[in-house]
Engineer: 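Starting off with a structure, shown below.
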Amino acid sequence: MFAHVDINNCYVSCERLFNPALEGRVVVVLSNNDGCVIARSIEAKAIGIKMADAEFMVRQNLKENNAAIFSSNYALYADMSARLMNNLARYTYTLMVYSIDEAFMALGNISDLDLEKHTAAISENVMRHTGLPITVGVGPTMALAKLANKAAKKQKRNFLVLDTDEKVDATVRDFPIEDVWGVGHQYYHKLTEFGVKTAHDFRELKADFVRQHMTVQGWRLHQELWGKPCNIIKDVAERSKGIESSQSFNSYQTELEPLEEAVAMHAATVALKLRQQQSMALTLTIYLRTNKHNVKHDQHYPSITVKVPFAANTTYQLTRVAVQAIRAIYQPGYNYLKTGVRATGIIPAGEVQYHMFSVYEHSKEQKLSELMDGLNSRYGRGTVRLGADSFERKWIMKQEFLSHQYTTDWKDIIVTQ
DNA sequence: TCTGGGGTCCTAGGACCC
DNA sequence: TCTGGGGTCCTAGGACCC
């Protein structure tokens with residue numbers, strides 16, 4: 001059996017925890033650049049605010065309802081997430097952190113375990129120890145655990161255990177197909193054409209038919225909804241296939257120079273993450289995007305994938321590769337809105353193959369990177385950077401409604417006390 | 001005027017090999 | 001005039017997730 005746990009309205013719950021006056025109010029949290037809504041309180045849902053609604057389109061509605069609006073405060077959410085995961089780890093040996101606010105746990109084949117009691121205890125203890133409201137779904141596969149979680153929320157319960165075929169059948173029967181894990185926009189439309197409205201309808205399709213129209217992933221989902229596991233719990237080290245840093249600009253960029261600066265910053269972020277997990281990257285993908293929503297602009301989505309000499313994780317090397325790459329794909333005449341750097345081909349730092357006769361001074365760069373990491377961790381991120389990375393960062397993201405750094409900044413800790 | 005960032009997995013098709 | 005078959009590896013792009 002598997003349990004799926006998530007924090008209810010995660011970012012809103014985190015903000016409320018340190019600001020109880022927000023209880024009962026319409027609260028929303030915005031994405032980076034304050035672009036769109038990514039978390040909503042129950043009250044916000046009630047006035048019709050949808051996930052991913054653009055902020056400017058719901059501004060009036062929020063104002064009329066005296067909404068509390070926040071920019072994303074990831075330092076805070078990541079900290080609360082860690083507290084949740086530490087608590088969950090006490091209930092299982094196999095915890096899979098699936099996202100900032102979600103985890104899967106293997107409950108094993110414990111026949112004498114009272115799943116109802118166990119699940120209720122998890123939810124109560126997490127609330128007592130962290131203050132975070134969570135929902136727990138339990139089922140024989142990860143897809144059914146996830147479905148159980150969502151069904152619990154619909155029934156306004158803290159948990160739901162699907163430990164018999166009868167319970168699964170009953171829950172699947174009216175469960176909307178678009179709410180099933182793995183069914184997005186495209187598959188929803190396709191399935192609607194086949195007359196599928198619920199998870200039950202989907203289960204009734206022939207497995208071969210599903211395989212044909214929804215690739216092997218759809219087939220696996222089909223199996224899982226019948227209680228046959230295809231997904232397994234993986235730990236973080238096995239899962240990391242790529243590391244990416246990307247961001248939209250706060251205004252259109254047409255010149256090469258700010259793009260180089262942004263790419264240099266992303267390369268530095270990726271390099272730091274690689275060093276933190278003691279790995280190196282063999283390949284780097286650098287891309288540029290215009291604004292897909294603006295139909296009046298010519299669109300350009302260039303990307304380039306380059307081999308990093310040997311393998312690397314130093315800021316200097318990755319920045320050099322990334323800046324060269326952006327020069328190769330940049331074309332004047334477009335309004336660029338976003339750029340990013342992605343590392344793939346990730347290998348443990350100890351396994352690098354250097355050329356026998358190479359004169360490359362990797363140890364020097366390694367030391368330089370370590371020194372920069374030390375200064376940046378002591379005096380704040382970005383204190384020391386390469387010259388390619390801008391000092392001005394005119395394109396930096398908008399965060400007009402940022403809350404305090406409650407858990408990480410001593411000044412805020414004193415304020416809140 | 002204003003629409004996120006960071007991921008995973010799969011498939012088709014090109015390059016290359018013998 | 002006639003020009004293979006079978007395989008691997010890689011990448012771009014599309015689907016999905018939170």
Side-chain angles (χ1 to χ4, degrees), chain A residues 4-11 28-40 49-60 71-72 74 77-78 81 96-104 142-143 146 149-150 178-191 211-221 230-231 234 236 238-252 262 266 269-270 273 282-287 289-297 301-307 329 335 337-346 397-400:
Chain A
H4 173 262
V5 178
D6 69 359
I7 303 174
N8 302 340
N9 314 324
C10 177
Y11 301 164
V28 297
V29 178
L30 304 176
S31 63
N32 283 341
N33 281 317
D34 298 338
C36 55
V37 174
I38 54 169
R40 305 157 293 155
I49 308 291
K50 300 270 183 302
M51 190 66 178
D53 273 351
E55 184 270 340
F56 73 92
M57 291 178 80
V58 293
R59 190 174 295 159
Q60 192 59 33
S71 301
S72 293
Y74 283 104
Y77 313 146
S81 172
M96 174 179 166
V97 178
Y98 181 69
S99 74
I100 192 164
D101 73 323
E102 272 180 78
F104 286 97
M142 285 165 72
K146 196 106 182 162
N149 182 308
K150 213 156 210 171
E178 64 269 31
D179 290 344
V180 172
W181 189 35
V183 178
H185 264 98
Q186 308 295 322
Y187 286 150
Y188 170 63
H189 287 302
K190 193 176 268 189
L191 288 169
R211 173 74 180 83
Q212 198 188 329
H213 289 97
M214 296 171 69
T215 81
V216 69
Q217 306 213 76
W219 179 84
R220 283 184 195 141
L221 174 64
C230 294
N231 288 311
K234 293 183 201 155
V236 184
E238 287 176 82
R239 291 176 55 219
S240 187
K241 299 275 171 61
I243 291 175
E244 176 163 340
S245 172
S246 63
Q247 206 173 65
S248 296
F249 303 114
N250 62 9
S251 58
Y252 293 121
H266 292 310
T269 304
V270 167
K273 284 190 188 169
L282 293 165
T283 338
L284 227 50
T285 301
I286 289 86
Y287 63 85
R289 304 252 158 108
T290 47
N291 183 1
K292 66 180 170 192
H293 297 291
N294 193 330
V295 290
K296 280 178 256 163
H297 287 170
Y301 284 59
S303 98
I304 188 170
T305 302
V306 284
K307 287 246 181 316
I329 58 172
N335 295 295
L337 191 68
K338 180 176 173 178
T339 186
V341 173
R342 178 175 172 79
T344 46
I346 298 189
M397 71 176 173
K398 247 179 12 189
Q399 284 189 311
E400 283 179 31

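Convention: sequence-line order gives letters A, B, ...; per-chain numbering from 1. Hydrogens, waters and symmetry mates play no part in the numbers below; they use all other heavy atoms, side chains included.
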Engineer: Taking only the P atom of each, what is the distance from dC2(B) to dC18(C) in whole angstrom?
Structural biologist: 29 Å
Engineer: Using a 4.5 Å cut-off on heavy atoms from C-beta on, say whether the side chain of Y301(A) contacts that of T290(A).
Structural biologist: yes
Engineer: Have a look at E102(A) and tell me which of V5(A), I7(A), D6(A) forms a side-chain contact (heavy atoms from CB on, under 4.5 Å) with it.
Structural biologist: D6(A)
Engineer: Specify the closest pair of heavy atoms between M142(A) and M96(A), including all atoms of both residues, with the distance to one decimal.
Structural biologist: CE-SD, 3.9 Å
Engineer: By nearest atom, which of the nucleotides dC2(B), dA12(C), dT3(B) is closest to the T305(A) side chain?
Structural biologist: dA12(C)
Engineer: Taking OP1 and OP2 of dG5(B), is either one under 4.0 Å from a side-chain nitrogen or oxygen of S248(A)?
Structural biologist: yes
Engineer: Which nucleotide in the list dC2(B), dG7(B), dC17(C) gets nearest to the side chain of K273(A)?
Structural biologist: dG7(B)
Engineer: Do V341(A) and T269(A) come close enough that some side-chain heavy atom pair is under 4.5 Å?
Structural biologist: no
Engineer: Quick check for you: among dC18(C), dG6(B), dT11(B), whose closest atom lies nearest to any side-chain atom of T215(A)?
Structural biologist: dT11(B)
Engineer: Does the structure show a Watson-Crick or G-U wobble partner for dC18(B), both distances under 3.5 Å? Name it, or say none.
Structural biologist: dG5(C)
Engineer: Compare the minimum distances between each of dT11(B), dG4(B), dC16(C) and the side chain of H185(A), then state the nucleotide with the smallest one.
Structural biologist: dC16(C)
Engineer: Which nucleotide in the list dT11(B), dT11(C), dC18(C) gets nearest to the side chain of T283(A)?
Structural biologist: dT11(C)
Engineer: Rounded to whole Å, please give me the gap between CD in E178(A) and P in dA15(C).
Structural biologist: 18 Å
Engineer: Would you mind telling me which of dC18(C), dG7(B), dG6(B) lies closest to the side-chain atoms of S246(A)?
Structural biologist: dG6(B)
Engineer: Students often get this wrong, so: under 4.0 angstrom with heavy atoms, is S245(A) touching a base, only sugar-phosphate, or nothing?
Structural biologist: sugar-phosphate
Engineer: Let's see if you can work this out: which of dG4(B), dT8(B), dC10(B) has an atom nearest to the side-chain heavy atoms of R342(A)?
Structural biologist: dT8(B)
Engineer: Can you tell me, in whole Å, how much space there is between the C1' of dG4(C) and that of dC16(B)?
Structural biologist: 15 Å
Engineer: Checking contacts here: which listed nucleotide (dG4(B), dC18(C), dT11(C)) is nearest the side-chain heavy atoms of E102(A)?
Structural biologist: dC18(C)
Engineer: Between Y77(A) and Y11(A), what is the ring plane arrangement, given parallel below 30°, perpendicular above 60°, and tilted in between?
Structural biologist: parallel
Engineer: Could you check whether V180(A) gets within reach of a base, just the sugar-phosphate, or nothing at all, counting any heavy atom under 4.0 Å?
Structural biologist: sugar-phosphate
Engineer: Send over the distance from Q212(A) CD to dT11(B) C1', rounded to a whole Å.
Structural biologist: 15 Å
Engineer: dC16(C) P sits how many Å from Y98(A) OH, rounded?
Structural biologist: 13 Å
Engineer: Assign R289(A) to base, sugar-phosphate, or nothing according to its heavy-atom contacts below 4.0 angstrom with the strands shown.
Structural biologist: nothing
Engineer: With a non-hydrogen cut-off below 4.0 angstrom, is D53(A) in contact with a base, only sugar-phosphate, or nothing?
Structural biologist: nothing
Engineer: Rounded to whole angstroms, how far apart are CE on M142(A) and C1' on dT8(B)?
Structural biologist: 12 Å
Engineer: In whole Å, what is the span from the CH2 atom of W219(A) to the P atom of dC10(B)?
Structural biologist: 12 Å
Engineer: If I take atom CG in residue N33(A) and atom P in nucleotide dC2(B), what distance separates them, rounded to the nearest angstrom?
Structural biologist: 12 Å
Engineer: dT3(B), OP1 or OP2 - any side-chain N/O from K338(A) closer than 4.0 Å?
Structural biologist: no
Engineer: Looking at dC16(C), I'd like to know if its phosphate oxygens (OP1 or OP2) sit under 4.0 Å from a side-chain N or O belonging to R220(A).
Structural biologist: no
Engineer: K50(A) near the nucleic acid: base, sugar-phosphate alone, or nothing, with a heavy-atom cut-off under 4.0 Å?
Structural biologist: nothing
Engineer: Is it true that the side chains of N33(A) and S31(A) contain a donor and an acceptor less than 3.5 Å apart?
Structural biologist: no
Engineer: Checking all strands, does Y74(A) fall into the base, sugar-phosphate, or nothing category for heavy-atom contacts under 4.0 angstrom?
Structural biologist: base
Engineer: Does a side-chain heavy-atom distance below 4.5 Å link S72(A) with V29(A)?
Structural biologist: yes
Engineer: Distance check needed: dG4(B) P versus F56(A) CZ, whole Å only.
Structural biologist: 10 Å
Engineer: Please pick, from dT3(B), dG7(B), dC10(B), the nucleotide with the shortest atom-to-atom distance to any side-chain atom of Q217(A).
Structural biologist: dC10(B)
Engineer: Using atom CD1 of I346(A) as one end and atom P of dC10(C) as the other, report the distance to the nearest whole Å.
Structural biologist: 15 Å
Engineer: Measure from the side-chain heavy atoms of W181(A) and tell me the nearest of dT3(B), dC18(C), dC16(C).
Structural biologist: dC18(C)
